[in-house]
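None of these values were measured; they are calculated from a predicted model. Computed from heavy atoms alone, side chains included, the values below leave out hydrogens, waters and symmetry copies.
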Amino acid sequence: MEIVGLDREKKRALCILAALLVFFMTMLAACGVGVYNDSEQYITMHIHREPLYPLFLWCFRGVIGEGYLPVAMAVQGILTAFGITVLSEYLTRRFQLRLWEEVLVVFLQLVPHLMTRYVSALHIFLENSVMSEALCIPLFQFFLYFLLRMVFEGKRRDRVLSLIMAFLLSMTRGQMMTTILMWALIFMIQLLIRRNYRAMVIPLATLLVVFGLRSLTVHVYNYFVTGYFMGNTYGQVNTLTNVIYACDEEDGEVFEEGSLERAFFDQFYDEADALGLNYKYAGNTFGERAAYLEEHHDILKFQVLEADMSSYFFGLGKVDYYQQSSMSDEMAGRMIRKLLPACFGQWLYDYVLLCRNGFVRSIAVVHPLINWAAFMIYLAAAGISLYLMIAKRRFEAPLAMGVALLFIAANVCATSITIMCLSRYMIYGFSIFYIAFYLAVREIYYQIKENK
C-alpha cells in the first residue's frame with residue numbers, strides 16, 4: 001500500500017510539474033523575452049549589480065552565443081516550475097492536503113507572476129525578463145522549502161541548505177540579505193526554545209562568516225570583471241536620495257562652510273527644490289505623500305545626485321567610471337552620516353510611508369480601499385495564528401505564518417531604506433503569506449468540526 005501511495009504522489013507531482021512547464025513555456029512563447037532599462041546592466045556585468053544573475057546570463061552567452069536570451073528565459077521558467085512543485089509537494093505531505101488544496105497552493109504561487117504581468121504598472125512577466133527577480137523567485141521557493149523543513153523538523157541538512165539558498169539569494173539581489181538574517185534569527189529562536197544557550201554563538205558566528213564571504217565574493221567577482229577589487233556601488237547614493245528628499249535648507253549647516261560635502265548639499269538642495277523634488281511639495285494625505293515620493297525618487301537620484309556627482313568626479317580628470325562610482329558612493333556615505341541626524345524626523349515619516357506601501361504590496365495592490373482591507377487581513381492572520389497557538393496548542397500553521405510575516409517585515413523594512421517598495425520587490429512574500437493564511441483557516445475549520 002505504501003508503494004502504491006508513493007507512486008500516486010510521484011505521478012501527481014509530475015503532472016503538476018508538467019502543467020507548470022507548459023504554463024511557463026506558453027507565456028514565453030506568447031510574451032517573448034522582456035528586455036527593460038535595467039537589463040543591459042545585468043548583461044554587461046555592471047558594477048551596480050550583484051554577481052549571480054550576470055554570471056547566470058554569462059554562462060548561457062558563452063555556451064550558446066547570439067540568441068542565448070530565449071534559452072536563459074526558458075531555464076528561468078523551468079527552475080520556477082521546479083521550485084513551485086517542490087514547495088507544493090512538501091506542504092501537501094506535511095499538512096496532508098487534498099488534491100484541490102494542492103492545486104490551490106500551486107495557484108497561489110502563480111498569482112504574483114500574473115499580477116506583475118496584468119496588474120502592475122510595468123506589465124512584465126518576470127520569468128521571461130532579463131531581470132534578477134527572474135532568478136530570485138525560484139531560489140526563494142527553494143529557500144522556503146528548506147527553511148520550512150528547518151522550522152518543522154530541525155534537521156542539520158535543512159539548516160545548511162536553507163543557508164546556502166539564502167547566500168545565493170543575497171548574491172542575486174542585495175535586498176535578499178534579509179534572508180540570511182532571517183535564517184540566523186530562526187536558528188537562535190530554536191536554540192532558545194531548547195535552552196541551548198551556549199550554542200547561540202553558532203548562528204552569530206555563521207552570520208559574520210557568511211556576510212564576510214559574500215563581501216569577499218563580490219570583491220573578487222568585480223576584480224575579474226572590472227580590474228578593481230571593490231564591492232558593488234550605488235547603494236549609498238540610493239539611500240542618500242531619500243535623505244536629501246527629507247531635508248530642509250538649513251540642514252546643510254551640519255557640513256563645514258566651504259567643504260565639498262556642503263557644496264554638494266547646496267547644489268542638490270537647490271536643484272531638487274527647483275524641480276519640486278522635496279517632501280514640501282507632496283500632498284496632504286498619507287497616500288498622496290507616499291505616491292509623490294515613489295514617483296520622484298528616481299528623478300532626484302538620476303537627474304540631480306548622480307548627474308552632479310558624476311560631473312564633478314569626472315571633471316577631476318583621469319577618473320574612469322569605476323573610480324567615479326566608488327567616489328560617489330563614498331561621498332554619499334559621508335553625507336548620510338552627517339545629514340540623517342539633522343533630518344531624521346522627516347526621513348522617518350517618509351520611511352514609514354514607504355513601509356506602509358510595501359506591506360500593502362506584499363499581499364495586495366495599493367489603493368485607498370484595498371489598503372484597509374490589507375490591514376484587516378494582516379490582523380486576521382496574526383489573530384488566528386495566536387488563537388491556534390495559545391488556545392488550541394496547534395503550532396505548524398502559525399509557524400508557517402510566522403515565517404511569512406517575518407520575511408515580509410524584513411523585506412519591506414530593508415527595501416524602504418534604500419528605495420521605494422515596487423511590486424516586483426515585494427512579490428516574494430505574497431504566496432507564502434496566503435498559503436499560511438489558508439493553512440491557519442483550515443486548522444480552525446477542523447478544530448470546529450472536531451468539537452461538534
Side-chain angles (χ1 to χ4, degrees), residues 36-58 130-133 135-136 167-178 180 210-245 260-261 263-265 267-268 271-272 297-340 414-420 422 425:
Y36 303 97
N37 292 337
D38 293 344
S39 300
E40 188 65 23
Q41 293 190 357
Y42 297 114
I43 293 171
T44 58
M45 301 176 137
H46 198 281
I47 191 69
H48 293 169
R49 300 300 174 179
E50 288 78 8
L52 192 57
Y53 191 59
L55 285 172
F56 174 81
L57 296 175
W58 175 79
V130 185
M131 303 179 78
S132 60
E133 286 87 354
L135 186 58
C136 251
F167 176 77
L168 293 177
L169 280 166
S170 75
M171 295 294 291
T172 309
R173 283 199 66 83
Q175 78 186 79
M176 286 298 183
M177 286 191 286
T178 54
I180 301 173
V210 171
F211 276 120
L213 178 61
R214 181 189 183 277
S215 178
L216 177 62
T217 305
V218 171
H219 278 68
V220 171
Y221 162 81
N222 284 331
Y223 176 75
F224 281 104
V225 172
T226 69
Y228 291 99
F229 188 74
M230 61 192 295
N232 292 123
T233 58
Y234 215 58
Q236 301 272 38
V237 176
N238 262 329
T239 304
L240 180 62
T241 300
N242 285 349
V243 174
I244 293 293
Y245 178 87
L260 182 58
E261 291 91 341
F264 270 130
F265 175 84
Q267 190 172 2
F268 294 160
E271 291 180 21
H297 171 94
D298 281 353
I299 300 173
L300 177 59
K301 177 173 61 181
F302 292 122
Q303 294 187 18
V304 179
L305 272 68
E306 183 179 27
D308 291 348
M309 286 196 285
S310 297
S311 176
Y312 174 80
F313 289 119
F314 279 134
L316 296 176
K318 297 182 180 179
V319 175
D320 63 22
Y321 179 78
Y322 303 109
Q323 292 171 314
Q324 177 269 319
S325 293
S326 180
M327 295 163 80
S328 295
D329 226 36
E330 184 181 345
M331 173 59 67
R334 294 205 303 269
M335 293 183 70
I336 289 168
R337 287 190 289 274
K338 289 191 174 182
L339 267 181
L340 189 54
T415 304
S416 297
I417 290 176
T418 57
I419 199 169
M420 59 279 194
L422 299 179
Y425 304 153

Nearest heavy-atom contact between T418 and G235 is CG2-O, 4.5 Å

Could you check whether the rings of Y228 and Y322 sit parallel, tilted or perpendicular, using 30° and 60° as the cut-offs?
tilted

Check the pair L135 / R173 against side-chain contact (heavy atoms from CB on, under 4.5 Å), numbers first and verdict last.
CA-CA 9 Å; L135 186 58; R173 283 199 66 83; over 6 Å; no

Under a plain distance cut-off of 3.5 Å, with no hydrogens placed, do Q324 and S328 share a side-chain donor-acceptor pair?
yes

Electrostatic pair R334-E261, nearest N-O below 4.0 angstrom:
yes

The reported gap from CE in M176 to CD in E133 (rounded to nearest 0.5 angstrom) is 8.5 Å

Taken to the nearest 0.5 Å, the spacing of Q303 CD from E271 CD works out to 10.0 Å

Dump the intermediate steps for side-chain contact (heavy atoms from CB on, under 4.5 Å) on H48 and N232, then the final yes or no.
CA-CA 5 Å; H48 293 169; N232 292 123; over 6 Å; no

Does any non-hydrogen side-chain atom of Y223 lie less than 4.5 Å from one of H219?
no

Just say parallel, tilted or perpendicular for the rings of Y321 and H46, cut-offs at 30° and 60°.
perpendicular

Rounded to the nearest 0.5 Å, the CD atom of E306 sits from the CG atom of L240 at a distance of 12.5 Å

May I have the step-by-step check of side-chain contact (heavy atoms from CB on, under 4.5 Å) for I419 and K301, ending in yes or no?
CA-CA 10 Å; I419 199 169; K301 177 173 61 181; 4.0 Å; yes

So how far is it from T241 OG1 to H297 NE2, rounded to the nearest 0.5 Å?
4.5 Å

Minimum-distance pair of heavy atoms, taken over all atoms of L213 and T217:
O-OG1, 2.7 Å

Any side-chain to backbone donor/acceptor pair from Q267 onto F264? Under 3.5 Å, distance only.
no

Applying ring-ring contact (aromatic ring centres under 6.0 Å, His included), run through Y53 and F56 and close with a yes or a no.
CA-CA 5 Å; Y53 191 59; F56 174 81; 5.8 Å; yes

Value rounded to 0.5 Å, distance of OG1 in T239 from CG in L340
9.5 Å

